[in-house]
Protein chains: 2
Amino acid sequence: MIRLRKDAEVTLFPSHAQKPADFQHWLGSLRGRFEDYLTKQGLNLTKQRETILHCLTEADQHLTAEQIYDQVKKKDASIGRATVFRTIKLLQECGLVDEIASLRGSAKFELKADRPHHDHMICVECGRILEFQSPMMEKFQDEAIRKQGFTALWHRHEIFGRCKLCQKQRS
Amino acid sequence: MIRLRKDAEVTLFPSHAQKPADFQHWLGSLRGRFEDYLTKQGLNLTKQRETILHCLTEADQHLTAEQIYDQVKKKDASIGRATVFRTIKLLQECGLVDEIASLRGSAKFELKADRPHHDHMICVECGRILEFQSPMMEKFQDEAIRKQGFTALWHRHEIFGRCKLCQKQRS
DNA sequence: TCAATAATGATACTCAATCTCAATTTCAAT
DNA sequence: ATTGAAATTGAGATTGAGTATCATTATTGA
Ligand SMILES: [Mn+2]
Ligand SMILES: [Mn+2]
Ligand SMILES: [Zn+2]
Ligand SMILES: [Zn+2]
């Protein structure tokens, strides 16, 4: 028998925007983690890769690769699209970036870094992405995985619908 | 306080294959539901649309649009690809078909019809899709939705990893 | 230094899905 | 049955995100 308090279960994340107080130190530690991963793979932390990571740390929302590319170009116009895609993939591999499926079209990305795991509600009207977290949901998910004898690598739980604001505008 | 039995929580679906005993009657009822929806939209149930629905009822697994198209061509080689895509979309709109994201490449579809809602584990090795259901997971999901003031239209919960069989082959 | 390897950017390409459009079919009202 | 409007179709063009290619440049470590 599992007992649980209903109200302690679900956490909403206020926003994606709040940055660590010591931004420079944070950025440095992320750069270090990226470099460690790259070194382990026999790769180098180039200035292009640094720039792309830097842009992601400055983002205050989930961005498409194209949006990331736009930001990157502001810092260094010579960086190519292919490098942005390649670097996003590397950042995903080393666990610094997560992918969120958008409704259609291009995928969106967010800096995972040290943020706790969470899932997403996606407004089909305005594209706004809301974040939530429910440890109990994860618990039952683990139970399903265990029962199935599956080995989970990652998961996506995305709820599509209309956000509070878009509902108001409708009524 | 919510109380629940741990073992009663997660249901695995044995397979996608079991068909209703009275297949013809079932097919007829689905055709009726499709026709009702189409009529309501001022559209017609054409022989092409019927053929595509028929192929979906015969499928015993999740299929890509291209795979559905291949099946359709066996029944009527004159049917075009565009019509298959268009019809799948109509079937989704009227709730008879669900889309499952595959790892990469094309989406997969399954006949929803009267099957209970369930989510999916997707093997990144062999592409096998396993189905599971957890009412409690849905309950906490609803709680998150309520707290956020969101109106959910649909959701996708997909777990990527390695299935039991592919793990064996590895070891 | 210098050969081996990694990385880059431009661009060509892939592939699923959608769009266009002329031709055909269906519908409903006569 | 006739007929004009609307729906439907299939072929092929187009889109668009993401990837592959490749010649050039940068980095590495012996
Ligand atoms: Mn997020
Ligand atoms: Mn399924
Ligand atoms: Zn919204
Ligand atoms: Zn497998």
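Applying side-chain hydrogen bond (donor to acceptor under 3.5 Å, both in side chains) to B:His62 and the options B:His120, B:Arg128, B:Glu99 leaves one that passes, B:His120. In summary, of the residues considered (B:Thr46, B:Thr51, B:Ile52), a side chain to side chain contact (heavy atoms under 4.5 Å, CB included) with B:Thr83 occurs for B:Ile52 alone.
Within the 4.5 Å cutoff, the side chain of A:Asp119 has heavy atoms near those of the A:Met137 side chain.
Atom CG in A:Leu38 sits roughly 14 Å away from atom P in D:dT27 (whole-Å rounding). Taking atom CZ of residue B:Phe34 and atom C1' of nucleotide D:dT8, one finds them 12 Å apart after rounding to whole Å. Whole-Å rounding puts the A:Ile88 CD1 to C:dT8 C1' distance at 16 Å. Atom pair A:Phe85:CZ and D:dT19:P shows a separation of 7 Å (rounding to whole Å applied). Rounding to whole angstrom units, CG of residue B:Leu43 and C1' of D:dT8 are separated by 9 Å. Atom CD in B:Glu35 sits about 13 Å away from atom C1' in C:dT26, given to the nearest Å. Rounded to an integer number of Å, the gap from NZ of A:Lys73 to P of C:dA10 is 10 Å. In this structure, B:Glu99 places its CD atom 8 Å from P of C:dA17, rounding to the nearest Å.
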In a table with atom names and distances, give each donor-acceptor pair under 3.5 Å that connects a side chain of residues 68-75 of chain B to protein atoms at least two apart or in another chain.
from	atom 1	to	atom 2	distance (Å)
B:Gln71	OE1	B:Lys74	NZ	3.3
B:Lys75	NZ	B:Glu58	OE1	3.1
B:Lys75	NZ	B:Glu58	OE2	3.3

Q.
Please encode protein proximity along nucleotides 9-15 of chain D as a string of B, S and -, counting only heavy-atom distances under 4.0 Å.
A. BBB----
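The shortest heavy-atom contact between A:Ala113 and A:Arg33 is O-NH2, 3.8 Å.
Less than 6.0 angstrom separates the ring centroid of B:His117 from the ring centroid of B:His155.
With C:dT18, D:dT28, D:dG18 as the candidates, the nucleotide lying closest to the side chain of A:Asn44 is D:dT28.
Between B:Lys89 and C:dT18 there is a side-chain polar atom (N or O) within less than 4.0 angstrom of OP1 or OP2.
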